[in-house]
Amino acid sequence: MPDQWTQNDDSRLRTWLASRAPTDLSPGFVDRIARIPETSPSSERALQPTRFRMLIVLTGRSWRLLAVAAVALATVGTMLVGGSAALRPALPAVVNVDGSWATASEPALEIDRSPGDRRPLYWRASSYDTFTLRGWTTSAPSTSGRQANQALLADTLDAIPKTSAREVDTFVVTPASDVFHVAFGPIDPVSIDRSVTLNLAGDNGFLQSISVSGRDPYKITAAIPVDGDVPGGVTQNRLRAAGTDYPPAILARYLGVPSGAMGPAARALLAHVLDRAKTKTNNHATPYDVATEIVNELRDVVYTYNTNILGLCDNSSSIVECFAQFKEGYCEHYASTMAILLRANNIPTRLVEGFLPGTLDPATGRESIRTDGAHAWVEVYFPSYGWQMFDPTGGGRAQAVALPMDSFVPLPSATPRASLVVPSIGPNDRPRG
Amino acid sequence: MTELRAQAATTEPDVRVGDAREIAFLVFVESRLLEHYRLAAVILGNTAEAEDAVHDAIERAWRRWATLQDVERFDAWVGRIVVNECRDRIRRRQRRPAVTDISGSIGASLVAPDELGASADRDEIGHAFAALNPDQQIAVALRYYADLTIEQIAERVGAPAGTIKSRLHHALALMNAELVRTASGGLV
């Protein structure tokens, strides 16, 4: 042993120190860190909140939720863009859902569509069954593998009702970033050209999302509900006539309203909406009538699309009650409120996250989705037709197209009225009733 | 339905509608979390304690966030809080066993509970490192694990570069003395 510190000692020291360094973060630790802001008070002033728009914190298992997420690093400023190249899946992330923050708009997906297909489509990433007052989660999560091109929904509870007319189409989706961990596609997915893992709620239960990683393009085939007066097609009156004979599995999973979800303001809002729906239908309001009435209500100008509602409500109360009371919020608030009000009326709903329709180049058939199109909306279950999407978000963000009217379809008990309310597109064109 | 409600009430949300400040903070933290955790584990020699140290440091950062003037300095600021937390933990650890220094070695009571186990405890370098005081351990870890320059270490711990230089010099001398003592069959 020499008396002096040597280069050999140097390298022994380096090796020894390095051997103490763990390779990765444990999920439990990440979770603890992600909870810090929830559990401890902080002093008020920090970054200017106006620079941050529609935000969703992803915690726990939510890496499935994609990363509608990760991209929004851009919202937090340039410093981060260089700093966090590899957002790890389990970590909290941010969604920016407001288009007015132009610099936060990063490429998210490129989607090659069939020639001539110009339908505006919502790109689903993940659905959630359980409302937790402050957000949504998946109960009894399970996974199930699928081979490339194997039927995705076969043998799950989300199998498409045979009575529902669907148009099958394929889409080649190219992620513009590594951050996405799930596949995107329109309602409902049929198959995908690579082996994947399905994330389900319950064993062989309901599809929440499809795990896909990397930036390789994938071809997803979807069966899209056909709108119109064809057998099995969806029209306003057919959804009115769909009845309430829900499958038991749907009832078991998609009616949960946790205690505390609805306070006085939410209950008053529901009563108001039901009242109006009944008035319009001579006391024969169907789930479809209630759903459209809620869309109309939330698109009313009295509701303010505001991506910054910091401090409006405390951090523990229900976002639905908060939204019903203050009538201000963003897509998560609109969608959560609609989903819970319907559930409270025994109509099965779920929350869906994904992207709004992007910009379609008619010449190339290529649709470009940018990160600022991240959005949340609602799916409502109709017997014989399956899940149907509704977008209650006001402020001009929603791009859902109104369902067509149709020829007379007799209702089980009610007399349909030909001039019933059509979901409005913008915030200001609500048919007042 | 009751069951569903109970479940809903206890399940943590996957998607939580959050406060912009919370999210910005977590996104900032996220970009360096693994780095902080590894450094704390290297300094403390114990991953569970490193998790606690980083957690407590980040919690402190969250509580004091408003005092940070320049957001561009966020990483450096949290980095210093993490290092300070590690130093406090080593100090507390030193105080706990009421200095029953039977070996006469200044390092004997400092040996970290090391999850690498008994074999690592016997490791000469490990003993030499344990002989250092908290500031020296941190400086050595920043220099020889994190590969920071003297200036970067000075900035990280908030001390003049000259101090860091002599601190490292003394640390290596002390470690060398420990290595010599171990090799010569001294008590460990």
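All values below were derived from every heavy atom in this structure, side-chain atoms included, with hydrogens, water molecules and symmetry-related copies excluded. Letters A, B, ... are given to chains in the order of the sequence lines, protein chains preceding strands, and every chain is numbered from 1.
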Point to revise | Donor-acceptor under 3.5 Å (B/Arg38 side chain, A/Ala21 main chain) | key: no

Check your understanding: Does any N or O in the side chain of A/Arg20 come within less than 3.5 Å of the main-chain N or O of B/Ile43, such that one atom is a donor and the other an acceptor?
Key -> yes

Between [atom1] on residue [X] and [atom2] on residue [Y], distance to nearest 0.5 Å:
{"X": "A/Asp10", "Y": "B/Leu172", "atom1": "CG", "atom2": "CG", "value": "7.0 Å"}
{"X": "A/Thr15", "Y": "B/Tyr144", "atom1": "OG1", "atom2": "OH", "value": "13.0 Å"}
{"X": "B/His55", "Y": "A/Ile33", "atom1": "NE2", "atom2": "CD1", "value": "5.5 Å"}
{"X": "A/Thr23", "Y": "B/Tyr37", "atom1": "OG1", "atom2": "OH", "value": "8.0 Å"}

Provide the closest heavy-atom pair for [X] versus [Y] in the form atom of the first, atom of the second, distance.
{"X": "B/Gly126", "Y": "A/Trp16", "value": "CA-CZ2, 3.3 Å"}
{"X": "A/Leu17", "Y": "B/Ala141", "value": "CD1-CA, 4.3 Å"}
{"X": "B/Leu34", "Y": "A/Leu25", "value": "CD1-CG, 3.6 Å"}

Exercise for review: Take A/Trp5 and B/Leu179, measure what side-chain contact (heavy atoms from CB on, under 4.5 Å) needs, and give me the verdict at the end.
Suggested key: CA-CA 9 Å; A/Trp5 185 261; B/Leu179 291 180; 3.8 Å; yes

Exercise for review: Evaluate side-chain contact (heavy atoms from CB on, under 4.5 Å) for A/Arg12 paired with B/Glu124, printing each intermediate quantity in order.
Suggested key: CA-CA 10 Å; A/Arg12 283 172 73 199; B/Glu124 296 170 357; 2.7 Å; yes

Exercise for review: Please assess B/Val54 against A/Phe29 for the test side-chain contact (heavy atoms from CB on, under 4.5 Å), listing each intermediate value before the final yes or no.
Suggested key: CA-CA 10 Å; B/Val54 173; A/Phe29 175 52; 3.7 Å; yes

Review point. Below 4.0 angstrom, N of the basic side chain to O of the carboxylate: do A/Arg32 and B/Asp52 qualify?
Key: yes

